[in-house]
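Okay, structure first, notes after.
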Amino acid sequence: MVPDLADTIVAIGTAAGGAARAMIRISGSDAVAIISRSFRARDNSVLTIRTPQVVSGELSLGEGLPALPCDLFLWPGESSYTRQPSAELHTLGSPPLLELAVANLCRQGARLAEPGEFTLRAFLAGRLDLTQAEAVLGVIDATNTTSLQTALGQLAGGLSKPLGELREQLLQLLAHLEAGLDFVDEDIEFISKAEIAQQLTAAQLQIATTLEQLKSRAQPQTLPKVVLAGQPNAGKSSLFNALLERFPTNAERRKALVSDIAGTTRDYLSATIELNGIVSELIDTAGIDARETDGIAGEAQTMAASQLRQANCTVWCVDISSPQFAQEIAELPADEDGLLVITKADLSDAGSFVVPATAIRCSSRTGEGLELLAAAIATTIGRDEAGTVVASTAARCLDSLARAQESVQSALNLVNAGGGDELIAIEIRTTLEELGRVVGAVYTDDILDRIFSAFCIGK
Ligand SMILES: Nc1nc2c(ncn2[C@@H]2O[C@H](COP(=O)(O)OP(=O)(O)OP(=O)(O)O)[C@@H](O)[C@H]2O)c(=O)[nH]1
Ligand SMILES: [Mg+2]
């Protein structure tokens, strides 16, 4: 059930826990009256304020309790996030005091907000569409800069703008077709068959592209894989340990064994790591040795090859102290997601080898180059990871877009087979309806419930 929009709602808008400052949010037709009963402005009365303003004063916690110093940000008209009279009360971030203040506002006539109810009101007032409402949640929940950028892009209309334009074009097309239906006896054609086909093909292409984006985002989230690869003894396990030490996480992990015996790593080892804000799975593999095909060593080779195939970024390690240094570099496979790392940089004086300009010199012993390597890895996987759609939007809209694609295809088939305009119009209407579901022009209480209940209270 969508909660009652006529109520004036209140909630703490900042994160739980103590802080220097916190904010209480209130929205609804009685917001100004309720605030005037619990907030005393330093100069004038809140009731006389007609335009958005910031006012300093005191917030009452209830009878017999001291008042809190408070800044009131007031939107008395329709220019707020919810398009209702709204306010933010900025005061001391003490949880028990905030609870008292909210309870007092409730005594004055407000009710506690449901999860996401402020954003729900913004959606119902036309401030945002559904994809943008989901993006608000995406921004709040973002765990790294990549997911934050995706959510911000969607909030800025990254998904709704192109879909809105597409719906506009299809509505025009439908209007032309239906106008033609009214004059069918007079043989007046408002739009040619060729033009209809052309517009439908363009629509189909755009829906297909969006669908692809959604599909890749709706997949269960697996971490991108960063695989350390190279010859036996190249220093892969040492680099694995050094990276995990330099960029520690809370996760428990096992240190990779390191020794000067080539072929130390048999199995592969993996650990979660966060590099420049991007979380990935770092994998240490057995050194590549084509001669090993049997037994445990052979199996280790198979596993390493399998990890390499799944890699989102391969870090090719070449040992600067290896006699075959130049040859090893020359034989590396060309791979746009590959990075070349010269390991054990501490063992050689700079410049004694010809090193490709793109190579990153690292030493697990001195820590040289680790920051640079981390940045390069983050850039490589960030390129793949950068989505345009928040995952929850993708999961919700996949079916609607698939049906939109089917109906636009049916419309196109009808045009090509010389089908009647009224049948083509029906298919276009279905396409419009499905696209409408994505942006929320068509919605049900159930959908709203599912989206907004994922929010926290106060957003
Ligand atoms: N001086 C120096 N020695 C290093 C460095 N990194 C690794 N080593 C040494 O090189 C040898 C091999 O290191 P590992 O990390 O086991 O190499 P690996 O590539 O994992 O070897 P395999 O598992 O056998 O394929 C060990 O003796 C390390 O101590 C480094 O940065 N500087
Ligand atoms: Mg190893």
Side-chain angles (χ1 to χ4, degrees), residues 1-125 127-128 133 136-137 140 448 452-459:
M1 262 287 287
V2 172
D4 197 341
L5 290 176
D7 292 348
T8 297
I9 53 174
V10 63
I12 300 170
T14 37
R21 302 282 283 171
M23 180 264 282
I24 295 169
R25 183 173 276 153
I26 177 162
S27 170
S29 48
D30 290 338
V32 179
I34 290 170
I35 285 169
S36 75
R37 293 197 283 273
S38 44
F39 175 87
R40 194 144 44 85
R42 198 169 292 157
D43 323 307
N44 48 353
S45 161
V46 170
L47 290 170
T48 61
I49 296 176
R50 295 280 169 270
T51 52
Q53 265 178 50
V54 187
V55 189
S56 294
E58 285 187 331
L59 181 64
S60 160
L61 299 180
E63 267 193 41
L65 291 166
L68 292 180
C70 178
D71 290 326
L72 166 71
F73 291 66
L74 186 68
W75 291 264
E78 291 184 353
S79 59
S80 69
Y81 183 51
T82 58
R83 292 204 199 280
Q84 296 178 323
S86 299
E88 288 180 9
L89 295 154
H90 293 230
T91 184
L92 302 176
S94 151
L97 292 181
L98 293 170
E99 295 295 344
L100 284 171
V102 168
N104 191 46
L105 288 162
C106 288
R107 273 196 298 277
Q108 307 304 331
R111 114 169 123 69
L112 273 183
E114 301 281 329
E117 197 172 353
F118 292 94
T119 307
L120 171 68
R121 289 185 176 197
F123 162 69
L124 292 173
R127 238 307 165 240
L128 314 152
V136 170
L137 190 58
I140 296 167
L448 296 188
F452 290 98
S453 62
F455 278 68
C456 43
I457 291 173
K459 294 291 180 295

Could you tell me whether a side-chain N or O of [X] sits under 3.5 Å from a main-chain N or O of [Y], the two making a donor and an acceptor?
X    : Y    : result
Q84  : L5   : yes
R25  : G458 : yes
R50  : L47  : yes
D4   : A6   : yes
N104 : S60  : yes

Exercise. Start with the C-alpha gap between I457 and L112, add the side-chain angles, then the distance that decides, and say whether side-chain contact (heavy atoms from CB on, under 4.5 Å) holds.
Key: CA-CA 9 Å; I457 291 173; L112 273 183; 5.9 Å; no
Practice problem: Could you walk me through whether I35 and Q108 pass the side-chain contact (heavy atoms from CB on, under 4.5 Å) test, one step at a time? | Solution: CA-CA 8 Å; I35 285 169; Q108 307 304 331; over 6 Å; no
Quiz item: For R42, what residues pass the salt bridge (Lys or Arg N to Asp or Glu O under 4.0 Å) criterion, not counting sequence neighbours?
Solution: none
Self-check item: E78 CD: over 12 foreign heavy atoms closer than 6.0 Å
Solution: no
Determine whether [X] and [Y] make a side-chain contact, defined as any pair of heavy atoms from C-beta on separated by less than 4.5 Å.
X    : Y   : result
I24  : C70 : no
I34  : V10 : no
L100 : L68 : no
L74  : V55 : no

Quiz item: For S80, what residues pass the side chain to side chain contact (heavy atoms under 4.5 Å, CB included) criterion, not counting sequence neighbours?
Solution: W75, T82, S86
Exercise. Please step through side-chain contact (heavy atoms from CB on, under 4.5 Å) for the pair I9 and R121, ending with a clear verdict.
Key: CA-CA 10 Å; I9 53 174; R121 289 185 176 197; 3.5 Å; yes
Self-check item: Euclidean distance, H90 NE2 relative to R21 CZ, rounded to 0.5 Å
Solution: 7.5 Å
Quiz item: Is E117 salt-bridged to R111, going by a charged N under 4.0 Å from an acidic O?
Solution: yes
Quiz prompt | Working for side-chain contact (heavy atoms from CB on, under 4.5 Å), residues V136 and Y81 | solution = CA-CA 12 Å; V136 170; Y81 183 51; 3.8 Å; yes
Quiz item: Shortest non-hydrogen contact from P3 to E114?
Solution: CG-CG, 4.0 Å
